[in-house]
Visitor: 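The structure is given below, and queries will be raised subsequently.
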Amino acid sequence: MSLRRIATTPFADQKPGTSGLRKKVTVFQQPHYVENFVQAIFDTIGAARQGATLVLGGDGRFLNRQVVQTTLKMAAANGFSRILVGQGGLLSTPAASNLIRISGAVGGIILSASHNPGGPDGDFGIKFNAANGGPAPEDITGAMHRRASMLVEYAILDVPDLDLDVVGEVTLGDCTVAVVDPVADYAVLMRKLVDFDAIAAMFRGGFRMRFDAMSAVTGPYAKAILEGALGAAPGTVVNAEPLPDFGGHHPDPNPVHAAELMAEMLGAEAPDFGAASDGDGDRNMIVAPGLFVTPSDSLAVLAAQAHLAPGYARGLAGVARSMPTSRAVDRVAKALGIPCYETPTGWKFFGNLLDSGRITLCGEESAGTGSDHVREKDGLWAVLVWLNILASTGQRADAILRDHWARFGRDYYTRHDYEEVDAGAAQGLMQALRDMLPTLPGKVFAGLTVAACDDFSYTDPVDGSVTAQQGVRVLFAEDARAVFRLSGTGTVGATLRVYLERFEPDVARHDAETQAVLAPVIAAAGEIAGIARHTGRDAPSVIT
Ligand code: G16
């Protein structure tokens, strides 16, 4: 066995986005591309990696096994003394976050492009999570990018691949590699937070559920916990086997990409509860019989009812949501008398709030909800807390949601995505919007009057760091809002996201169709931003 130092040349495009470095598989397949970025991560960790523990795993997508092997050999060559890797190279993002926290690791490398499609023509990604278990903050990802831009050499052991399918410890150079059951520690954590006995009793009483793992990493977790520990009927979890191409599907848990689950939940024979999660298991989708629960509403319901789960029985310190997420959770926070923080899009912005104990729960419109149990959003956790609420109250999920609206009012909400738009055109649209901000207040669009508008800027209350230009928000006097931002996770061109919402306090009006209610807001947003003019599109590519 020998340690080799390989000469390389830097890649200019190794700049992490909203959540790590995410590119087409073909980009990662360029010689040295993976090695360069992994070395940049290790160099950024610096001397702290000597003798330290690293956590490693991914969502099982195409390239996962290969990149796990490369990373293991590089970690051993770069001074780590212990590496925890999920069996088969698998770890869901929340399980990896938990492992980092409980093992005292210096951090972890998670291989995932999340909800993006997989396979040889799909996407791949590498992200680094820090010692708190959370996505690396911007100063660290910035340092990685700078390091990657000047990298001329990486270190790797010249050894055969390890067998990752057998749980146990093996030696790799001066390093110990522990191949661990990816589910075990995560299941222990869930048992501490939610009332497994109450949920199991509900399943014994005939409660029926459908969980769509979308052929992604959550399958083994959902099988072990829902069907194993909680006794849900066999077959409750569908698409449970993680596949390198996710069975050709888009592993994004929303009504468009989880269409089969939606059809079942809206049908006459709907089970009592439906849920799905994404490629790496951090996102979730909740569907009540006959009623989709928007991620923003789900966050608000969880905030209002989390005290029913043992892990949250003492109440919540505070809550947070990303700026484009609806203001439903703000109303709950107000009623509970706890603070509610508004952060930029990206889970990394919740890290300081969670670490400092300012918040207990947080979430995003992009199907992410989580708590201070890890430092990532956690799909299966959200499903389990919902199940705990259903078991504790004995109510149906649709009744829970309707009661919530009756008490707090309903925030009608939709997101319109314009995918694979020309990047220059999308930048032009955003710049034009920013330029017109001073002139908008008081103007009327589609019958709605602009009350206020800005380009969202966030000052972190813990470390004082400022993150500017996080999306343009337009507030209308009619208690409606439109938000515009460009996605930070796409890999082709640019994706314009338009987030649209309107508050309706009157319970008699809570059963309307979302797109119809929001039609004036949609029209006003299109007019203000000149969407058709800039993008050449007359309709969004995805509406959720
Ligand atoms: C990632 C981040 C999320 C964020 C989402 C937004 O999700 O982890 O915190 O809300 O991206 O994506 P975009 O910039 O495309 O709107 P994931 O699940 O892809 O890791």
Side-chain angles (χ1 to χ4, degrees), residues 15-23 58-59 61 91-94 96-97 110-118 122-129 133-138 141 214 216-218 246 250-254 257 276-285 295-296 298-299 320-326 342-351 353-354 362-370 374-380 382 415-421 423 426 430 456 458 467 469-471 483-499 540-542 544:
K15 186 178 191 318
T18 308
S19 182
L21 185 69
R22 216 174 270 188
K23 305 270 178 201
D59 63 12
R61 68 177 60 225
L91 276 180
S92 78
T93 285
S97 180
I110 303 173
L111 308 175
S112 172
S114 190
H115 54 288
N116 296 20
D123 293 345
F124 190 74
I126 303 179
K127 63 176 176 169
F128 177 71
N129 281 31
E138 301 226 302
T141 54
M214 304 191 90
V217 78
T218 320
F246 307 118
H250 199 132
D252 194 358
N254 63 40
H257 295 304
S277 71
D278 72 331
D280 60 333
D282 55 1
R283 296 185 174 208
N284 74 86
M285 165 172 150
S296 298
S298 178
L299 173 64
R321 64 164 170 84
S322 66
M323 182 273 281
T325 304
S326 97
E342 185 175 34
T343 60
T345 293
W347 206 262
K348 56 193 166 200
F349 294 103
F350 294 133
L353 299 173
L354 291 162
C362 45
E364 299 182 279
E365 54 67 38
S366 57
T369 19
V374 288
R375 292 295 180 273
E376 285 278 6
K377 53 191 184 279
D378 188 344
L380 193 49
R415 189 175 95 184
H416 287 196
D417 293 334
Y418 297 78
E419 295 178 327
E420 300 188 17
V421 168
M430 289 304 295
F456 182 59
Y458 178 65
T467 311
Q469 294 207 324
Q470 292 301 301
V483 171
F484 307 84
R485 66 175 277 280
L486 300 185
S487 159
T489 61
T491 57
V492 182
T495 293
L496 170 69
R497 301 206 193 286
V498 187
Y499 311 83
S541 28
V542 180
T544 49

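Side chains included, hydrogens not; waters and symmetry mates left out as well; all remaining heavy atoms used. Note that the structure is predicted; figures quoted are calculated from it, not measured. Start at 1 and go down the list; that is how both ligands and their atoms are numbered. Sequential numbering from 1 along the given sequence is applied to the chain's residues.
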Visitor: With sequence neighbours excluded, tell me which residues meet ring-ring contact (aromatic ring centres under 6.0 Å, His included) with His257.
Guide: His250

Visitor: Heavy atoms only, cut-off 4.0 Å: how does Asp282 contact ligand 1, side chain, backbone, both, or neither?
Guide: side chain

Visitor: Only one of Asp280, Asp59, Asp278 forms a side-chain hydrogen bond (donor to acceptor under 3.5 Å, both in side chains) with Thr93, so which one is it?
Guide: Asp280

Visitor: Report the nearest protein non-hydrogen atom to atom 7 (O) of ligand 1: residue, atom name, distance rounded to 0.1 Å.
Guide: Lys377 NZ, 3.1 Å

Visitor: Can you see which heavy atom on Gly368 is nearest to which on Lys377, and at what distance?
Guide: CA-CD, 3.4 Å

Visitor: Looking at residues at least two apart in the chain, or sitting in another chain, which of them share a side chain to side chain donor-acceptor pair (under 3.5 Å) with Arg375?
Guide: Asp355

Visitor: Please could you name the atoms of ligand 1 that Arg497 approaches to less than 4.0 Å, counting only its heavy atoms?
Guide: 13 (P), 15 (O), 16 (O)

Visitor: Closest heavy-atom contact between Thr218 and Gly281?
Guide: OG1-CA, 3.3 Å

Visitor: Please write down residue, atom name and distance for the protein heavy atom closest to atom 14 (O) of ligand 1.
Guide: Gly488 N, 2.7 Å

Visitor: Check whether any N or O atom of Trp347, backbone or side chain, sits under 3.5 Å from an N or O atom of ligand 1, and answer yes or no.
Guide: yes

Visitor: Could you walk me through whether Gln470 and Tyr458 pass side-chain contact (heavy atoms from CB on, under 4.5 Å), step by step?
Guide: CA-CA 8 Å; Gln470 292 301 301; Tyr458 178 65; 5.5 Å; no

Visitor: List every atom of ligand 1 that sits less than 4.0 Å from any heavy atom of Ser366, numbering the atoms from 1 in the order shown and giving each element.
Guide: 4 (C), 5 (C), 10 (O)

Visitor: Checking a contact table here: which protein heavy atom is nearest atom 5 (C) of ligand 1, and how many Å away?
Guide: Arg283 NH2, 3.7 Å

Visitor: Out of all atoms in ligand 1, which are within 4.0 Å of some heavy atom of Arg485? Include the element for each.
Guide: 13 (P), 14 (O), 16 (O)

Visitor: Which protein heavy atom lies closest to atom 3 (C) of ligand 1, and at what distance to 0.1 Å?
Guide: Glu364 OE1, 3.2 Å

Visitor: I need the single residue from Leu299, Asp378, Asp282 that forms a side chain to side chain contact (heavy atoms under 4.5 Å, CB included) with Thr369. Which is it?
Guide: Leu299

Visitor: Heavy-atom contacts with Arg22 under 4.0 Å: which atoms of ligand 1 show up? List them by number with element.
Guide: 17 (P), 19 (O), 20 (O)

Visitor: Below a 4.0 angstrom heavy-atom separation, can you tell me which part of Ser114, side chain or backbone, both or neither, approaches ligand 1?
Guide: side chain

Visitor: Run the salt-bridge test on Glu364 and Arg321 with the 4.0 Å N-O cut-off and return the result as yes or no.
Guide: no

Visitor: Looking at every non-hydrogen atom in both residues, tell me the closest pair between Pro253 and Ser277 and how far apart they are.
Guide: CG-C, 3.8 Å

Visitor: Checking a contact table here: which protein heavy atom is nearest atom 11 (O) of ligand 1, and how many Å away?
Guide: Thr489 CG2, 3.3 Å

Visitor: What part of Thr345, side chain from CB on, backbone N/CA/C/O, both or neither, has a heavy atom under 4.0 Å from ligand 1?
Guide: side chain

Visitor: Do any heavy atoms of Gly346 fall under 4.0 Å from ligand 1?
Guide: yes

Visitor: Give a yes or no on whether a salt bridge exists between Lys127 and Glu376, defined as a side-chain N under 4.0 angstrom from a carboxylate O.
Guide: yes

Visitor: Does ligand 1 have a heavy atom under 4.0 Å from the side chain of Lys348, from its backbone, from both, or from neither?
Guide: neither

